[in-house]
Amino acid sequence: GGARTALLCWAFARGRGGKFLLRIEDTDQKRSSDAASVGFLKDLDWLGIDWNEGPEWTRPDGRTVGGGPNGPYFQSERVATYDHHLGRLLDSGAAYYAFDTAEELDAKRKAATARGEAFRYRIEGPAIPRAEAERRIAAGESAVIRFRTPVAPITIVDEILGEATLPAGEVDDFVIRKADGFPTYHFAVVVDDELMGVTHVLRAQEHFNNTAKHIVLQDALGFRRPTYGHLPLIFNPDGSKMSKRDKDKTLRKAVEDRKLSGPPAGTVDEATFAAWRKDKNMQLEFASAERLAAALDVALPEINVDDFRRSGYLPEVLCNFLALNGWSPGGDREKFDNEFLARTFDLKRVVKTPAKFDRVKLLAFNCDAITGMPRDEFVRRSRLHGEACHAEFLERLTAEQFRLLAEASHERSKTLDDLYRGNRWLVTADDAVEFADAKPARKAMLEGTPSGLELLRGVRGTLGGLAAWTRESLETAVTAFAAERCEGNLGRIAQPLRVGVTGATVSPPIFDTLAILGKDATLRRIDRCLAAWEARVGVKAG
RNA sequence: GGCCCCAUCGUCUAGCCUGGUUCAGGACACCUCCCUUUCACGGAGGUAACAGGGGUUCGAAUCCCCUUGGGGUCACCA
């Protein structure tokens with residue numbers, strides 16, 4: 001969702017010669033971290049989204065983006081500015097100090113709920129005089145600053161949704177500075193938008209009601225009002241909100257399905273596990289979640305941009321698909337790049353309804369893009385992906401082996417990750433290949449006359465005598481063997497060979513598979529396979 | 001629950017503003033068949049939607065109202 005918002009903001013600005021401004025809204029000390037900010041910049045960079053103004057960032061290619069005359073672009077570094085404008089509001093009486101404790105507010109909320117009403121904080125009569133309030137704070141009391149919201153209707157003009165008017169009294173005296181001295185989001189945003197010269201704001205629809213707060217603040221501060229556009233939300237296919245919690249949800253379900261009472265060994269410690277099971281809102285750390293998922297053998301849903309990157313999606317495809325959730329260029333066109341999006345995007349064509357994020361369609365788009373790219377580009381990009389995500393896999397292959405593997409995998413890859421996920425057999429030691437007694441393997445080895453097992457024994461001899469070991473020489477030799485032994489039916493011999501070298505029945509085309517593996521490994525594996533299957537079915541050697 | 005918003009195939013959407021050219025188009029998924037050395041890919045067909053009810057109009061998916069349904073929001077989070 002955040003990525004789509006950024007993409008559309010970028011496209012909107014670029015399409016009309018504007019500037020895309022990136023601001024880090026880190027006024028919540030509990031939830032903000034440098035790592036998170038850097039991760040966000042990295043994600044945008046990977047997606048191909050750059051910003052004209054904002055945090056400085058040096059891309060992997062050495063180019064630096066960001067900076068600008070209106071910094072700092074981290075709100076946590078702008079507190080003095082906010083305090084200045086807070087002072088203006090305090091001076092004019094448009095804002096006031098409030099000393100309510102969390103318990104008091106909670107009690108009032110409960111009481112309102114009991115009456116079937118929504119709780120709205122609203123001061124009655126004069127506020128505690130500023131001087132007195134500041135004395136109490138100096139003496140150690142905790143206080144927030146609230147905005148004295150005028151009791152009047154508020155009209156929001158939105159370029160996507162149209163116009164909406166909230167009745168008078170709907171917006172309460174909301175907090176604009178927290179007890180820790182940081183402004184709330186609402187206040188910081190309003191000040192920054194003015195100071196940074198923001199003319200257009202595109203954000204998710206969940207902010208729609210917040211815009212009313214921003215409008216009353218702008219009026220009180222004498223600020224200009226940007227043009228707003230509220231983007232439809234993105235949901236999971238089941239209609240639930242897409243959130244980072246979905247990973248924990250998946251894990252919780254797996255833990256329950258397996259009726260686990262404690263954490264699997266080497267994942268998380270007992271105490272963390274127990275606390276996590278008890279508190280449904282608690283999120284496991286990234287590494288812990290990964291370990292637990294591996295131990296439970298479940299796939300974590302892709303949620304963050306980085307998840308999609310690691311799953312082997314192409315950034316240009318992700319952008320394309322993200323834009324399609326909530327916008328379309330009209331007509332039947334679906335495939336486009338970011339440049340097209342920038343040229344064509346406009347608010348009038350943004351839909352008003354929330355979209356369910358369909359990973360299956362995303363995968364189909366990714367597959368189309370991969371199939372459509374030149375072979376060399378696929379080899380290059382899948383290698384890059386491997387360097388980032390599968391270093392240990394690449395280490396076990398020569399450059400030539402990788403090239404053969406990538407070329408053979410191109411047309412059957414839906415993601416850049418498929419070749420790594422689907423070819424573990426290649427990086428398994430020859431004597432560690434397992435010849436499982438699975439149904440498809442059984443069929444390949446035992447059915448027919450002669451049986452797959454017999455054919456494999458026969459072709460092993462042919463292969464053993466081969467001088468050249470290339471796809472072409474293998475094809476010539478095996479085809480001749482098939483013509484002689486099984487009426488030219490290549491399938492009868494291809495499958496036993498697959499089982500022989502990979503242990504199972506799925507791999508790239510068989511001659512590619514053998515060529516990539518190499519002669520020695522192929523023969524060693526076939527011998528082990530023969531031994532394993534003959535022992536299994538009681539065939540006497542020879 | 002209050003307030004606000006929304007409503008076309010299972011999903012993303014085109015069409016709606018500027019009613020007739022649409023017994024509603026595309027894509028993904030699904031089904032059938034073909035291709036095929038596995039897995040994929042590919043090819044040819046097919047099923048499938050204007051939430052319901054009232055208006056307005058010669059005529060409504062398109063305009064209006066109601067109902068129903070969905071969503072957002074009601075924090076010292078953003």
Side-chain angles (χ1 to χ4, degrees), chain A residues 2 25-28 30-32 75 98 100-102 105-106 109 112-113 115-121 142-146 156 158 160-162 164-167 169-172 174-180 182-186 188-189 203-210 212 230 232-233 235 237 239 241 321 324-335 348-349 351-365 367-368 371 409-414 418 422 440 444 478-479 482 489-499 502 504-511 513:
Chain A
E25 313 204 313
D26 55 350
T27 53
D28 184 352
K30 290 186 292 294
R31 297 207 323 181
S32 305
Q75 290 184 329
D100 314 76
T101 63
L105 290 173
D106 203 41
R109 259 181 216 113
T113 307
R115 288 193 305 272
E117 293 168 12
F119 172 68
R120 292 197 181 78
Y121 192 106
S142 176
V144 299
I145 298 177
R146 284 179 184 271
I156 302 168
D158 182 290
I160 294 163
L161 262 15
T165 300
L166 303 194
E170 190 57 31
V171 177
D172 72 352
F174 54 97
V175 174
I176 52 178
R177 191 180 76 172
K178 302 179 263 187
D180 64 6
F182 279 88
T184 59
Y185 162 74
H186 307 299
V189 157
R203 45 155 78 133
Q205 263 173 34
E206 58 191 341
H207 283 291
F208 192 80
N209 289 280
N210 290 337
H230 292 91
L233 265 17
F235 289 110
K241 207 163 159 178
F321 190 70
L324 232 33
N325 276 256
W327 180 81
S328 81
D332 294 339
R333 177 141 190 190
E334 280 197 307
K335 303 282 177 70
K348 298 237 174 340
R349 297 199 60 86
V351 302
K352 302 176 179 183
T353 49
K356 288 174 185 154
F357 192 77
D358 184 358
R359 287 184 177 74
V360 179
K361 184 162 179 175
L362 170 65
L363 187 62
F365 271 40
C367 178
D368 290 347
T371 311
S409 304
H410 184 191
E411 64 177 2
R412 71 202 69 251
S413 282
K414 295 188 170 186
D418 286 1
V478 176
T479 304
N489 188 342
L490 226 37
R492 300 253 11 255
I493 185 63
Q495 283 305 80
L497 271 170
R498 253 193 197 90
V499 172
T502 72
T505 53
V506 178
S507 83
I510 192 61
F511 304 122
T513 300

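Note on naming: letters A, B, ... go to the chains in the order of the sequence lines (proteins, then strands), and numbering restarts at 1 for each one.
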Please list, pair by pair, any protein nitrogen or oxygen found under 3.5 Å from a nitrogen or oxygen in nucleotides 61-67 of chain B.
none

Give [X] one of three labels, base, sugar-phosphate or nothing, depending on what nucleic acid heavy atoms sit under 4.0 Å from its own.
X        : value
A:Ile510 : base
A:Phe365 : sugar-phosphate
A:Glu170 : base
A:Ser32  : nothing
A:Pro167 : sugar-phosphate
A:Val351 : sugar-phosphate

Discussion item. Strictly by Watson-Crick or wobble contacts shorter than 3.5 Å, is anything paired with B:U37, and which nucleotide is it?
Written reply: none
Fill in: Pair assignment for B:C74, Watson-Crick or G-U wobble, requiring both distances under 3.5 Å
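Base partner found: B:G1.
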Restricting both atoms to N or O, compile the protein contacts to nucleotides 23-26 of chain B shorter than 3.5 Å, with distance only.
{"residue": "B:G26", "atom": "O4'", "partner": "A:Asp332", "partner atom": "OD1", "Å": "3.4"}
{"residue": "B:G26", "atom": "N2", "partner": "A:Glu334", "partner atom": "OE2", "Å": "3.3"}

Worksheet item: When you check the glycosidic angle of B:C41, does it come out syn, meaning within 90° of 0, or anti?
Response: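 You should classify B:C41 as syn.
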Worksheet item: Are any of A:Lys348's side-chain N or O atoms less than 4.0 Å away from OP1 or OP2 of B:C17?
Response: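 Result: no.
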Worksheet entry | Phosphate contact (B:A14 OP1 or OP2) by A:Ser328 side-chain N/O below 4.0 Å |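 Looking at the OP1 and OP2 atoms of B:A14, one of them is under 4.0 Å from a side-chain N or O of A:Ser328.
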From the set [options], return the single nucleotide nearest to any side-chain atom of [X].
X        : options             : value
A:Asp368 : B:C39, B:A78, B:G42 : B:G42
A:Val506 : B:C12, B:C39, B:A78 : B:C39
A:Tyr185 : B:C6, B:A78, B:C28  : B:A78

Fill in: Any donor-acceptor N or O pair under 3.5 Å, side chains A:Thr513, A:Ser507
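Per modelled atom types, A:Thr513 and A:Ser507 side chains form a pair under 3.5 Å.
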Discussion item. When you compare the side chains of A:Tyr121 and A:Asp100, does any donor N or O come within less than 3.5 Å of an acceptor on the partner?
Written reply: yes
Worksheet item: Are any non-hydrogen side-chain atoms of A:Leu105 and A:Arg109 less than 4.5 angstrom apart?
Response: yes
Could you give the [atom1]-to-[atom2] distance, from [X] to [N], as a whole number of Å?
X        : N     : atom1 : atom2 : answer
A:Arg492 : B:U37 : CZ    : C1'   : 12 Å
A:Glu117 : B:G1  : CD    : C1'   : 10 Å
A:Arg349 : B:U13 : CZ    : P     : 12 Å

Practice prompt. Between protein and nucleotides 70-76 of chain B, map the contacts as a letter string: B base, S sugar-phosphate only, - none, heavy atoms under 4.0 Å, written 5' to 3'.
Written response: -SBSBSB
Discussion item. I'd like to know if A:Arg412 reaches the base of B:C41 with its side chain such that a donor and an acceptor end up less than 3.5 angstrom apart.
Written reply: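 Check fails, no donor-acceptor contact within cut-off.
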